[in-house]
Participant: 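The structure is given below, and queries will be raised subsequently.
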Amino acid sequence: MLEAILALARDAQDKQRHGGQLTAGQLDFLEQFFKGMDQPWTEHNPVQTSVLYLIPDILDHSKTPQADQDLIMAAMGGGLLALSDPRIGGGGTRMPDSMKTLVDHFFGKGDKPPYSHETAAQLRGLGEFFGAMKGRGLDDLEGGKEYSAALTLAIADADPAFRRSAEDQLIDILEVSTRNRDANHGLLTGGLQHPDYGKDTPEHVLRGLFGPQWKDDGKAAAGLIDWIGDDASSKDRAVADRATEAAFALITTMTNEDKAGHWDQSAYEFFTDSYGEMGGFENAPIGVANPEVAFAMGKSAAAYLDYFGAADNGGDSALSLSNPASQMYLSMDDRRNFVEMIMGSPAAGDKFGEAVYKHVLSEAAYADQWQDPTAAKTQALENGMLTGLLDHGFNKVFEDAQADADRATSLATQHANWTRAGAAAAKELILELPGTRSLGKISQQAIRQLTETFKWTPGVAQSYDFIWESGTKPDPADYKQTWDNSNEQWDFAVNHAVASQALKDPHSGITIADIEKADPRLVENGKLRSAADLLGANDAPVKGSPKENLDHRLAREELHRLFDKDLAAKVERYVDVFNDQRKDQ
């Protein structure tokens, strides 16, 4: 019977993916099975927790082999999720009473049922069921929308003592409850509301899930938002709109500096300054407490870099759902505050910085399409704003860390690393894309770059180390240098990106032979050497090359000379305005 339930759960997962419903016989079987299991242990027990949720404890005190225990609990979890989903025929009156009570507590009509002390026992049992499902081909099985949202809300409501005692089980529940993206969207946007928090439900959920320091670094809780970046570029307009609405709600809720009626601290203050003493922080931000959450925030923001770089109109954040696409405007305060939270995690900050630099370098590669230097200035203002946000976020984190090392030097080191990583990724992107600029593909590449491991620049986080090393404060002299060459490296990276794109265009007037004639050290095996390679080069002169050694400064000059007068003027204007705008943030 249990093997049959597992097979039925896999069938339910397949129908969730591809459409269709379970048969009447399958649904009747699940309904009757769980109705029979959803009985009190004894009529005289004042705590009327049903046998269903006591199964893990019963098994634990039995002689049942562990493999059989796992099978029993996995079947229970899979069957309950299948029965809860209206899309495949479940939900509503088919669910056992205990499940209906939990859902009705949050979304019931009329008087809400009491939030029973049995809820804790139910959550513990469900956590054991869902944890046992791992590795059994049910990794994508979802609960119904309202059931999933109710489980997430129950965890957001959990008091700290219960959360600590049942943390493993709650993590396993969150891994499952956040699979339903419609439920996540409803909780983030307020489409599904907590009976006690009403319109403040999104903030309550974010505080409740992202506020505790989780032992898995917040990975399960991050499931609430980790899907946004993936869905942002979907060809299905409804899916893309859902992601945009969720992203807008996430950003504006977490960055809100006004105190809501339920809390004496604003959301912005809570997420940047309320996690206690950790590492070099007296009051750590979310990125230190739950780096996986910050990483998911960075992934969400990477999908909407155009909105973070858009011109500042001085207005408040606003969302517009219109045909053919959703649009949003983010106020400068919201942009700065959200990037600051991302930068609170060294891994998230580094990967988001790399994504930003790759994005702006990829856009700069299409300089030949800018009409004139004025258009180059407009592009530079938008891209410079993005990197200025990185500066602002880095500086805010640095200040809060009370670190002793030299901030300016550390930031210059970070920008140099981001340039190197962005140039490596942009080269790959330029080779992939057709000759015309494609924002959709660039955004997708930004997300892909963010979620990859440290592929481009091992040790890229070096300038962060002193902040997160458990309070270690190094000698500032270790970080001192007499110059800041990050702008020079950026200047080279832009010229390299433009040259790489020009080589793809047969009408650009630039060929690999032209580059080799300018300096043979720029070419290897008939191709332009990579930006990452040239950034670290210090090659001795060879026949046909200038007398000085080849480094990124000389490489930039030689590449720039190949551009015609108009293109050279656009690139120069872009670089100058970009650097000024970055520093203006």
Side-chain angles (χ1 to χ4, degrees), residues 34-35 37-43 45-58 60 73 76-77 79-81 83-85 91-133 143-180 183-184 186-187 192-198 201 204-209 211-212 214 220-221 223-224 262:
F34 285 111
K35 181 179 180 181
M37 296 297 297
D38 199 33
Q39 301 294 328
W41 177 252
T42 170
E43 294 180 2
N45 189 341
V47 179
Q48 292 297 305
T49 302
S50 76
V51 173
L52 177 61
Y53 304 103
L54 295 175
I55 286 176
D57 290 332
I58 296 170
D60 192 44
M73 291 192 291
M76 294 296 171
L80 284 171
L81 290 175
L83 192 59
S84 73
D85 190 358
T93 58
R94 288 195 177 274
M95 293 191 297
D97 288 341
S98 59
M99 286 173 58
K100 286 190 288 186
T101 299
L102 180 64
V103 173
D104 287 346
H105 171 75
F106 295 108
F107 309 120
K109 304 296 188 291
D111 294 335
K112 69 173 185 175
Y115 191 53
S116 168
H117 52 273
E118 296 172 42
T119 303
Q122 292 179 12
L123 292 178
R124 287 182 187 274
L126 288 171
E128 296 288 349
F129 295 160
F130 296 157
M133 289 166 48
K145 176 181 175 180
E146 287 194 341
Y147 184 57
S148 296
L151 290 174
T152 300
L153 283 173
I155 294 175
D157 283 356
D159 64 73
F162 172 63
R163 186 182 289 117
R164 286 192 295 271
S165 67
E167 185 170 5
D168 290 332
Q169 290 85 5
L170 298 186
I171 285 174
D172 285 335
I173 292 173
L174 280 176
E175 288 179 352
V176 171
S177 70
T178 58
R179 290 176 187 170
N180 190 307
N184 296 338
L187 293 173
L192 294 171
Q193 295 194 350
H194 190 292
D196 298 327
Y197 289 90
T201 296
H204 169 63
V205 172
L206 290 168
R207 284 174 181 257
L209 264 60
W214 297 95
L224 181 71
H262 298 276

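What you see below is based on every heavy atom in this structure, not just the backbone, and it leaves out hydrogens, waters and symmetry mates. It should be emphasised that the depicted structure is a prediction, and the values quoted were computed from it without experimental measurement. Sequence positions, counted from 1, serve as the residue numbers for this chain.
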Participant: Could you tell me which non-hydrogen atom of Leu174 sits nearest to which non-hydrogen atom of Ala220, and how far apart they are?
Facilitator: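 Taking every non-hydrogen atom into account, CB-CB, 3.9 Å.
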
Participant: Do Phe106 and Leu192 make a side-chain contact, defined as non-hydrogen atoms from C-beta onward lying under 4.5 Å apart?
Facilitator: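 They are not in contact (no side-chain heavy atoms under 4.5 Å apart), so the answer is no.
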
Participant: Might you point out which heavy atoms bring Asp172 and Gly131 nearest each other, and give the distance in Å?
Facilitator: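 Of all heavy-atom pairs spanning Asp172 and Gly131, the closest is OD2-CA, 3.6 Å.
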
Participant: My understanding is that only residues two or more places apart in sequence, or in another chain, count here; which of them pass side-chain hydrogen bond (donor to acceptor under 3.5 Å, both in side chains) with Tyr53?
Facilitator: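 Expected list: Ser98.
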
Participant: Is any side-chain heavy atom of Met133 closer than 4.5 Å to a side-chain heavy atom of Leu81?
Facilitator: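 A side-chain contact under 4.5 Å exists here.
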
Participant: Do Leu151 and Leu123 have side chains that get closer than 4.5 Å, going by heavy atoms?
Facilitator: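 With C-beta onward as the side chain, the pair touches.
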
Participant: Would you name the heavy atoms of Phe34 and Gly79 that are closest together and state the gap between them?
Facilitator: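 That closest heavy-atom pairing would be CE1-C, 3.6 Å.
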
Participant: Between Ser84 and Gly143, what is the shortest heavy-atom contact and its length?
Facilitator: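 So the two residues come closest at OG-CA, 3.4 Å.
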
Participant: What's the spacing between Asp157 CG and Asp196 CG if we round to 0.5 Å?
Facilitator: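 CG of Asp196 is found 7.5 Å from CG of Asp157.
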
Participant: Taking atom CD1 of Ile173 and atom CG of Asp168, what is their separation to the nearest 0.5 Å?
Facilitator: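 If we round to the nearest 0.5 Å, Ile173:CD1 and Asp168:CG are 11.5 Å apart.
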
Participant: How long is the straight-line distance from CD of Gln193 back to CG of Leu153, given to the nearest 0.5 Å?
Facilitator: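 Atom-to-atom, Leu153:CG and Gln193:CD are 10.5 Å apart.
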
Participant: Taking it one step at a time, do Leu52 and Leu80 satisfy side chain to side chain contact (heavy atoms under 4.5 Å, CB included)?
Facilitator: CA-CA 11 Å; Leu52 177 61; Leu80 284 171; 4.2 Å; yes

Participant: Sequence neighbours left out, what passes side-chain hydrogen bond (donor to acceptor under 3.5 Å, both in side chains) with Arg124? Give chain and number order.
Facilitator: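 Arg124 satisfies side-chain hydrogen bond (donor to acceptor under 3.5 Å, both in side chains) with Ser165 only.
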
Participant: Taking side-chain hydrogen bond (donor to acceptor under 3.5 Å, both in side chains) as the test, write out the residues that go with Ser177, two or more places apart.
Facilitator: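 Counting only residues at least two positions away or on another chain, Ser177 forms a side-chain hydrogen bond (donor to acceptor under 3.5 Å, both in side chains) with Thr152.
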
Participant: Checking Asp60 now: which residues fulfil side chain to side chain contact (heavy atoms under 4.5 Å, CB included) with it, not counting sequence neighbours?
Facilitator: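 Applying side chain to side chain contact (heavy atoms under 4.5 Å, CB included) to Asp60 gives none.
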
Participant: Between Met99 and Leu83, is there a side-chain heavy-atom distance shorter than 4.5 Å?
Facilitator: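 Leu83 vs Met99: side chains apart.
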
Participant: Can you tell me how far apart OG1 (Thr119) and NE2 (His105) are? Round to the nearest 0.5 Å.
Facilitator: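 Thr119 OG1 to His105 NE2: 7.0 Å, rounded to 0.5 Å.
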
Participant: In Å, rounded to the nearest 0.5 Å, how long is the span from CE of Met95 to CG of Asp85?
Facilitator: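 It is 10.5 Å, given to the nearest 0.5 Å.
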
Participant: Considering residues at least two apart in sequence or located in another chain, which fulfil the side chain to side chain contact (heavy atoms under 4.5 Å, CB included) criterion with Glu167?
Facilitator: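 Side chain to side chain contact (heavy atoms under 4.5 Å, CB included) list for Glu167, sorted by chain: Ile171, Trp214, Lys215.
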
Participant: Check for a donor-acceptor pair, side chain of Asp38 on one end and backbone N or O of Asp97 on the other, with a separation under 3.5 Å.
Facilitator: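 Side chain of Asp38 to backbone of Asp97, a donor-acceptor pair under 3.5 Å: yes, one is there.
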
Participant: Of all residues at least two apart in sequence or in a different chain, which pass the salt bridge (charged side-chain N to carboxylate O under 4.0 Å, His left out) check with Asp57?
Facilitator: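 For Asp57 there are no salt bridge (charged side-chain N to carboxylate O under 4.0 Å, His left out) partners, ignoring immediate neighbours.
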
Participant: For Asn184 versus Gly223, what's the shortest heavy-atom pair and its separation?
Facilitator: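 Shortest heavy-atom contact: ND2-O, 3.6 Å.
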
Participant: To check you understand the geometry: which heavy-atom pair defines the closest contact between Val205 and Leu224, and what is its length?
Facilitator: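 Closest heavy-atom pair between Val205 and Leu224: CG1-CD2, 3.9 Å.
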
Participant: Please name all residues satisfying ring-ring contact (aromatic ring centres under 6.0 Å, His included) with Tyr197, sequence neighbours left out, ordered by chain then number.
Facilitator: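 In terms of ring-ring contact (aromatic ring centres under 6.0 Å, His included), with neighbours along the sequence ignored, Tyr197 is linked to His194, His204, His262, Trp263.
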
Participant: Does Ser148 have any side chain to side chain contact (heavy atoms under 4.5 Å, CB included) partners at least two apart in sequence or in another chain, and if so, which?
Facilitator: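 Side chain to side chain contact (heavy atoms under 4.5 Å, CB included) list for Ser148, sorted by chain: Asn180, Ala183.
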
Participant: Holding to salt bridge (charged side-chain N to carboxylate O under 4.0 Å, His left out), I want the full list of residues that pass it with Arg163, two or more places apart in sequence or in another chain.
Facilitator: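 Arg163: no salt bridge (charged side-chain N to carboxylate O under 4.0 Å, His left out) contacts found.
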
Participant: Quick one: side-chain hydrogen bond (donor to acceptor under 3.5 Å, both in side chains) partners of Glu175, sequence neighbours excluded?
Facilitator: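 So Glu175 forms a side-chain hydrogen bond (donor to acceptor under 3.5 Å, both in side chains) with Lys134.
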
Participant: Taking side chain to side chain contact (heavy atoms under 4.5 Å, CB included) as the test, write out the residues that go with Gln169, two or more places apart.
Facilitator: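 So Gln169 forms a side chain to side chain contact (heavy atoms under 4.5 Å, CB included) with Glu128, Ala166.
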
